[in-house]
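To keep things clear, I will list the structure first and then write my remarks on it.
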Amino acid sequence: MNKGTLLSAPSLDSLQIAWLQEIGLDRHMLARWAAPEPIVTESLPSAVGQAVPDAVTATAPVDSSAALAALSMVAPKLGLQRAATVVPDTAPVVSPVPMPQDWQGLQEHAQSCLACDLHLGRSAVVFGAGVQESPQWMIIGEAPGASDDRSGLPFQGKPGQLLQAMLASIGVGLPVALQKGQSASTDDNVLRSVYCTNVIKCRPLGNRTPTAEEIAACMPYLQRQIDHLQPVRILAMGHLAAQALLGLDASLDDLRGKVHQMHSASGRMIPLVATWHPATLLLRPQHKVDVWSDLRLALSISQG
Ligand code: URA
C-alpha cells in the first residue's frame, strides 16, 4: 500500500456483511477505516504484512484485539519490531468478537474453532484438563502431540509421562481426573491442584513448530483460560510457551531460573516460571537438573 492511500468503504454483498458481522465488524465500522491515514508497512516482509489481517479476520473465533495482542507477543520471535504497524495509530473502536466468557462456552467455542488451518488435521481439540478453580499450577506446553490429539487430553504421551515424573519429584501429582479425562474440582488434593493446557489447542501435523499466525489465532483461548482459572503460578514448558506468554525475545536459557510476573489479559499479575520442555529433556537429559531447580523455584512461590 502506498503511503497516504486511504481504505475506502468497500461495497459488500449480504453474505460478506453477515460474515463481517459474525466477526464483530460491520459496514459502518469499515467506512470509518477510510478516515485515518494508515501507517506504512513497506519495511515489513510480506508474510508479516499479511499476518495481522489474517489473524484478525480469518474466522469467527478470533478475537481481533486479543489476536493483535498475541501477535505482538510473538512478534519478537519473528524479529518484528512493530507487528501492529498495519493498524492505524488511531485504530477504530472495534467491538470485541464475541468469544464466550464462561468456561463451558469457551470450551465449546474452541471445539468448533476454524481460526487456522490446524483444524484440518486434528482429531480432537485439546482444550486442557485439570482443576478449574484457582489451581496451584497452570502448566502450559506448546501444542498437542499425537496421543493428545487422539485422546483430547494434554500431555498424554512420553513427554507427559516425563512431566508427571518431574512433578512427582517435588511432590506434585497430576489430578487423577486429568488422567481419566474428566474435570477435577478443588477437592482434589492440593498437591494435585494442576491444570494443563497448551499455547496451541490443535496438533500441528508432524509435530512441527506452530507458526506465529497459529499462535496468534489460538492465544485468545489461552488468555481467557488464564483469566478464568486465576492460577497461583504458571509453569511455561519450553521456549515457545515462555516467549508467547512473556512476549520476550530471549532464549530459554535466559528466561528460565527466575520468577517472572506475567500480565494477564485482565491486568492481573501471575508469577510465571519457564523451564525446559519435557520433549527437550527426552533428547537432552542433562537439563533435568535445571528443571528440578525451576520446579522448586515455582513451588517456593507463595499464594498472593
Ligand atoms: N503434549 C502436550 O500436551 N503438550 C506439549 O507441549 C507436548 C506434548
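Worth knowing before you read on, the calculation uses all heavy atoms, side chains too, and leaves out hydrogens, waters and symmetry mates. We count ligands from 1, going down the list as the structure has it; atoms in each ligand are counted the same way. On a predicted model such as this, the values are computed, not experimentally measured, just so you know.
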Heavy atoms, side chains only, cut-off 4.5 Å: are [X] and [Y] in contact?
X	Y	result
Val194	Cys196	yes
Gln261	Ile270	no
Leu235	Ile140	no

Looking only at protein heavy atoms, identify the closest one to atom 1 (N) of ligand 1 and say how far it is in Å.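 Atom 1 (N) of ligand 1 sits closest to the protein heavy atom Asp148 OD2, 2.7 Å.
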
Tell me, which protein residue and heavy-atom name are nearest atom 6 (O) of ligand 1, and how many Å apart are they?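 Here the closest protein heavy atom is His277 NE2, 2.5 Å.
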
Please could you name the atoms of ligand 1 that [X] approaches to less than 4.0 Å, counting only its heavy atoms?
X	answer
Glu142	5 (C), 6 (O)
Gly141	6 (O)
Asn198	2 (C), 3 (O), 4 (N), 5 (C), 6 (O)
Pro154	3 (O)

Inspect the contact between Arg208 and Glu214 and indicate whether a charged nitrogen and a carboxylate oxygen are less than 4.0 angstrom apart.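 Salt bridge present between Glu214 and Arg208.
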
Using distance alone, with no hydrogens and no angle criterion, decide if Gln111 and Gln107 have a side-chain donor and acceptor under 3.5 Å apart.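 Checked: Gln111/Gln107 side chains show no N/O donor-acceptor pair below 3.5 Å.
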
Nearest to atom 5 (C) of ligand 1 by heavy atom, Ala129, Gly238, Ala143: which?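 Minimum heavy-atom distance to atom 5 (C) of ligand 1 goes to Ala143.
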
For ligand 1, is there an N or O atom under 3.5 Å from any N or O atom of Phe155?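 For ligand 1, there is an N or O atom that lies under 3.5 Å from one belonging to Phe155.
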
Under 3.5 Å, sequence neighbours excluded: what are the donor-acceptor pairs made by side chains of residues 272-283?
| unit_1 | atom_1 | unit_2 | atom_2 | d |
| --- | --- | --- | --- | --- |
| Thr275 | OG1 | Asp294 | OD2 | 2.6 |
| Trp276 | NE1 | Asp290 | OD2 | 3.1 |
| His277 | ND1 | Ala279 | N | 2.8 |

